[in-house]
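First the proteins, then the strands, lettered A, B, ... as listed; each starts at 1. Since this is a predicted model, take the numbers as computed values, not measurements.
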Amino acid sequence: MTTTVTSHRPQPPAQPVTLRAKRLPAYAAPAVAVVALLVAAGIVYGAGIGGPVLVVVLGALLYLAGLYAAANAVEGRRSARNRTWSALIHSAFVLAVLPLASVVWTLVSKGAERLDGNFFLTSMNNIGARDANGGAYHAIVGTLEQVGIAALITVPLGVLCAIYVVEYGRGRFAFTIRFFVDVMTGIPSIVTGLFVLAFWVLIVSPFFNDGRPGFSGFAAALALSVLMLPTVVRSSEEMLRLVPAPLREGAYALGVPKWKTVLRVVLPTALPGIVTGIMLAIARAAGETAPVLLVAGGGAAINFNPFENNQSSLALFVYQQAGEASKYSPARAWTAALTLVALVLILTVAAKLLARRNRLGR
Amino acid sequence: MGDTPQRSAHAGTGGTRVASSHEWPAGASARVAETSGNPGNREPGLGGGGALPRARAFGAERAFRGLTLAAGTAVLVVIAAIAVFLIAKAVPALRANTESFWTFEGWFPNENPPKFGIGALAFGTVLTALLALLMAVPVAMGIALYLSHYAPRRLGNGLGFLIDLLAAVPSVVFGLWGRDYFAQPIADLSTWLNRYFGWIPIFGEGPYGNSILLGSVVLAIMVLPIITSLSREVFRQTPTANEEAALALGATRWEMIRTAVLPYGRPGVIAAVMLGLGRALGETIALALTLGSTYAISFNILQSGGNSIAANIANRFAEANDTGRGALIASGLVLFAITLIVNITARAIIYRRREFTESAA
């Protein structure tokens with residue numbers, strides 16, 4: 001990559017032809033960094049316009065400029081660009097890691113405060129603003145029941161829908177379904193909450209509930225299943241498409257009817273991938289607050305019955321505790337958040353590990 | 001794949017148990033079929049080499065096909081039902097509204113006469129989402145490229161896994177963190193920005209605190225892992241041949257990325273950004289915790305205030321009466337329409353370019 005060959009500038013005649021391009025010495029980049037930081041510190045403290053954070057930011061900018069100038073002088077423009085972009089990409093990484101690490105650190109350090117047996121074995125029933133204890137038992141029960149029911153609704157529906165799209169669907173109708181599944185992926189969770197509020201809580205459930213709107217865990221499960229459906233369909237669809245055609249053809253050649261081929265040959269082959277998709281969808285649904293907030297009611301007491309009366313969930317519990325004016329509620333909120341994240345991460349990690357064992361591969 | 005393998009010249013022989021009847025040794029069924037010699041023989045279990053079950057009007061095949069068709073149709077039904085039920089509940093409230101729904105800046109649907117307007121909320125929704133993307137997308141691209149093309153492979157895979165995990169962290173956690181631990185640094189930053197860049201209208205006077213800036217930065221941090229994780233997937237799928245060809249022509253690493261990786265990944269990246277935009281537009285709890293909940297259209301992103309459709313629904317739902325709920329549902333309908341437009345546009349772009357990168361999107 002000699003600049004003398006590739007650059008469009010006319011070659012100076014006096015310069016000897018070299019096979020190796022000139023390179024900045026290894027110490028150049030750190031040296032530029034140190035100089036940039038010193039200059040930045042001089043400017044910032046000299047003019048009195050900020051603190052150490054500004055020094056680092058200004059130093060980084062000066063470093064980029066200095067690196068570009070130095071590389072441009074020695075190695076040429078293309079290499080200078082390469083170095084600058086490389087530095088930018090690395091700094092983007094550092095820039096993003098800081099807040100994310102802060103979130104994780106806060107979550108773990110604050111969440112450990114109330115991580116005791118009491119938290120997991122009691123509810124918030126009769127816990128006033130001055131009570132230090134109280135826990136999330138009712139919320140954990142709610143989350144598990146709602147997510148479980150949502151999975152029971154979504155999994156058969158989603159997998160069958162994917163089977164239709166991949167195995168049976170033809171032409172415009174199948175395309176429409178695929179298109180709207182994709183579009184449905186982007187529907188905000190609060191809108192699904194409002195939909196279930198309008199459809200189930202305000203219109204359908206009053207028939208079973210003496211005319212009163214029935215906020216319940218089941219309503220939350222309905223909202224979560226609307227949210228999960230497109231994810232399950234998309235991932236199942238992708239996995240079904242990966243099943244090799246010869247497997248199907250082999251089954252047909254043996255005279256197996258199509259439905260049996262799908263159920264006994266195609267589905268088992270794609271199963272690990274489908275399960276991965278389902279688990280990721282469940283993990284996402286478990287962390288949703290908005291729909292549960294609108295339709296589950298969010299009681300403080302333990303309620304095992306998802307079909308009647310208010311129910312809470314972990315995410316909703318975090319939100320409610322965050323809004324409460326007790327000096328004990330932040331600790332409860334953070335511990336519940338930690339529990340929720342742990343639940344979600346266990347599901348996600350399990351899904352990813354399962355995906356790694358999937359023989360179909362991407 | 002062809003259609004169901006049920007049409008055959010000798011349709012009519014054997015039952016549906018052709019392949020599953022293992023009580024006969026291999027070849028036995030064929031012999032039976034030969035000796036029976038009667039094409040009209042419908043006895044179950046006899047099987048028949050060369051003969052396939054005839055299509056039946058109410059067989060398992062039809063039933064299963066109908067079942068999957070019903071499941072497929074359910075998706076369309078759900079989307080249509082969302083629109084229908086939201087409209088059904090929103091219309092009465094909109095009728096009762098005594099101010100202009102589009103321009104009135106305020107939210108008093110529970111009073112008599114009810115007054116509410118979506119203008120400020122829609123403005124806040126779009127503003128926070130766009131600001132968040134403005135901050136998150138360049139950084140996310142940087143991280144994705146770092147993980148896929150700069151970091152050592154082991155490190156890249158490990159960190160990529162961590163980013164995937166962060167993408168799964170519920171938004172309420174980010175909201176709580178933003179409100180309790182990030183508000184102060186942002187307030188300091190706001191003071192600084194106002195002092196030295198106050199001549200730019202968006203960096204106006206305080207009080208500083210739960211501002212649009214805080215909300216959009218938290219939103220940016222939240223969508224960052226999502227966009228990163230999807231873009232990284234896309235960048236990793238760049239054909240090695242393209243990359244090596246660029247390098248073999250003497251391209252530097254950045255030139256290789258610009259000429260081989262970025263063009264290849266563009267549809268996938270657009271999809272990732274649009275998904276991030278969808279998340280940002282619809283994000284409820286993180287914004288409900290970090291925005292100041294006011295109803296004014298203001299470009300001053302530093303001042304306490306700001307609101308979004310979704311955050312407003314979460315904040316005002318508890319106190320809402322019948323009209324109040326209708327009003328919130330009406331605002332949700334607007335949000336639904338916005339996200340639907342964004343999504344359909346994004347999908348149209350991706351579908352048009354799909355032949356280029358089949359799996360990237």
| query | Looking at A/Leu194 and B/Gly332, what are the two nearest heavy atoms and their distance? | reply | CD1-CA, 3.5 Å

| Do other residues, nucleotides or ligands put more than 12 heavy atoms under 6.0 Å from the CZ atom of B/Arg195? | no

| said: At a 4.5 Å cut-off on heavy atoms, which part of B/Ile79 comes close to chain A: side chain, backbone, both, or neither? | reply: side chain

| request: Select, from B/Ala318, B/Gly178, B/Gly278, B/Ala168, the one with the greatest count of heavy-atom pairs under 4.5 Å involving chain A. | output: B/Ala168

| request: With a 4.5 angstrom heavy-atom cut-off, could you sort out which part of B/Thr73 is near chain A: side chain, backbone, both or neither? | output: both

| field | Part of B/Ala314 within contact of chain A (heavy atom distance under 4.5 Å) | value | both

| message | Using side-chain heavy atoms (C-beta onward) and a distance below 4.5 Å, is A/Asp182 in contact with B/Asn343? | response | no

| message | If I compare all heavy atoms of B/Lys89 with all of A/Ile203, which pair ends up nearest, and what's the gap? | response | CE-CG1, 3.7 Å

| Heavy-atom side-chain proximity of A/Tyr168 to B/Leu69 below 4.5 angstrom | no

| message | Report which part of B/Leu147 has an atom under 4.5 Å of a heavy atom belonging to chain A: side chain, backbone, both, or neither. | response | side chain

| request: Tell me, for A/Ile49 versus chain B, whether the close heavy atoms (under 4.5 Å) come from the side chain, the backbone, both or neither. | output: both

| task | Could you tell me which of B/Arg253, B/His149, B/Met222 has the largest number of non-hydrogen atom pairs under 4.5 Å with chain A? | result | B/Arg253

| said: Using heavy-atom distances under 4.5 Å, tell me whether B/Arg179 contacts chain A through its side chain, its backbone, both, or neither. | reply: side chain

| message | Please classify the contact between B/Asp322 and chain A as side chain, backbone, both or neither, with a heavy-atom cut-off of under 4.5 Å. | response | neither

| field | Partner chain B: residue of A/Ala283, A/Pro330, A/Ser86, A/Ala337 with the largest heavy-atom pair count (under 4.5 Å) | value | A/Ser86

| Minimum side-chain heavy-atom gap B/Ile344-A/Phe179 below 4.5 Å | yes

| note | Highest number of heavy-atom pairs under 4.5 Å with chain A among B/Ala88, B/Ala167, B/Gly72 belongs to B/Gly72

| Region of A/Ser102 that comes under 4.5 Å of a non-hydrogen atom in chain B | both

| task | Please assess B/Val173 against A/Leu107 for the test side chain to side chain contact (heavy atoms under 4.5 Å, CB included), listing each intermediate value before the final yes or no. | result | CA-CA 8 Å; B/Val173 176; A/Leu107 181 66; 4.0 Å; yes

| request: For a ring pair (Phe, Tyr, Trp, His ring centres under 6.0 Å) with A/Trp85, tell me which candidate from B/Tyr150, B/Trp254, B/Tyr146 qualifies. | output: B/Trp254

| message | What's the separation between atom CZ in A/Arg81 and atom OG1 in B/Thr252, rounded to the nearest 0.5 Å? | response | 9.5 Å

| query | Taking A/Ala315, A/Gly287, A/Ala322, A/Ser79 one by one, which has the highest count of heavy-atom pairs under 4.5 Å against chain B? | reply | A/Ala322

| request: Would you name the heavy atoms of A/Tyr164 and B/Thr68 that are closest together and state the gap between them? | output: CB-O, 3.3 Å

| task | Name the region of A/Val226, side chain, backbone, both or neither, that has any atom closer than 4.5 Å to a heavy atom of chain B. | result | side chain

| task | Sort B/Ile82 into side chain, backbone, both or neither according to what part of it lies under 4.5 angstrom from a heavy atom of chain A. | result | both

| query | Would you say B/Phe64 and A/Leu160 make side-chain contact, with heavy atoms under 4.5 Å? | reply | yes

| note | A/Ala290 and B/Thr284 have their tightest heavy-atom pair at CB-OG1, 3.6 Å

| Can you check side chain to side chain contact (heavy atoms under 4.5 Å, CB included) on A/Phe199 and B/Val84, steps first, answer last? | CA-CA 9 Å; A/Phe199 159 68; B/Val84 167; over 6 Å; no

| Where does A/Val94 contact chain B at under 4.5 Å (heavy atoms): side chain, backbone, both or neither? | neither

| query | Considering only heavy atoms, which portion of B/Ala81 lies under 4.5 Å from any heavy atom of chain A: side chain, backbone, both, or neither? | reply | both

| Any idea which of A/Thr348, A/Ile163, A/Val318, A/Leu294 has the most non-hydrogen atom pairs under 4.5 angstrom with chain B? | A/Leu294

| said: Out of A/Val341, A/Leu202, A/Leu88, A/Thr185, return the one with the most heavy atom pairs under 4.5 angstrom to chain B. | reply: A/Leu202

| field | 4.5 Å side-chain heavy-atom contact, A/Val53 and B/Leu189 | value | no

| remark: When the 4.5 angstrom heavy-atom criterion is applied to B/Leu76 and chain A, the contacting part is side chain

| request: Specify the closest pair of heavy atoms between B/Trp177 and A/Pro99, including all atoms of both residues, with the distance to one decimal. | output: CZ2-O, 3.9 Å

| query | Is a side-chain donor or acceptor of B/Glu61 paired with a backbone partner of A/Lys258 at a separation under 3.5 angstrom? | reply | yes

| remark: Under 4.5 Å to a heavy atom of chain A? For B/Phe182 that would be neither

| When rounded to the nearest 0.5 angstrom, what distance separates CG in B/Leu67 from CG in A/Leu157? | 9.5 Å

| task | Apply side chain to side chain contact (heavy atoms under 4.5 Å, CB included) to A/Val344 and B/Val169, showing your working. | result | CA-CA 7 Å; A/Val344 169; B/Val169 170; over 6 Å; no

| message | Just verifying a value: how many Å separate B/Ile285 CD1 and A/Ser189 OG, rounded to the nearest 0.5 Å? | response | 8.0 Å

| field | Over all atoms of both residues, closest heavy-atom pair of A/Leu100 and B/Pro225 | value | CD2-CG, 4.2 Å

| request: Under 4.5 Å heavy-atom distance to chain A, tell me which part of B/Leu166 shows up: side chain, backbone, both or neither. | output: side chain

| message | Under a 4.5 Å cutoff for heavy-atom pairs, which residue among A/Val233, A/Val196, A/Leu263 has the most contacts with chain B? | response | A/Leu263

| task | Might you work through the side chain to side chain contact (heavy atoms under 4.5 Å, CB included) test for B/Ile313 and A/Leu293, ending with a clear yes or no? | result | CA-CA 10 Å; B/Ile313 295 172; A/Leu293 171 75; over 6 Å; no

| chain A contact via B/Leu289 - side chain, backbone, both or neither, heavy atoms under 4.5 Å | side chain

| field | Interface residue of largest heavy-atom contact number with chain B, from A/Thr106, A/Leu54, A/Asn82, under 4.5 Å | value | A/Asn82

| request: Output the option from B/Ile163, B/Leu335, B/Leu333 having the highest count of non-hydrogen pairs under 4.5 Å with chain A. | output: B/Leu335

| field | Student check: side-chain heavy atoms of B/Tyr181 and A/Val103 closer than 4.5 Å | value | no

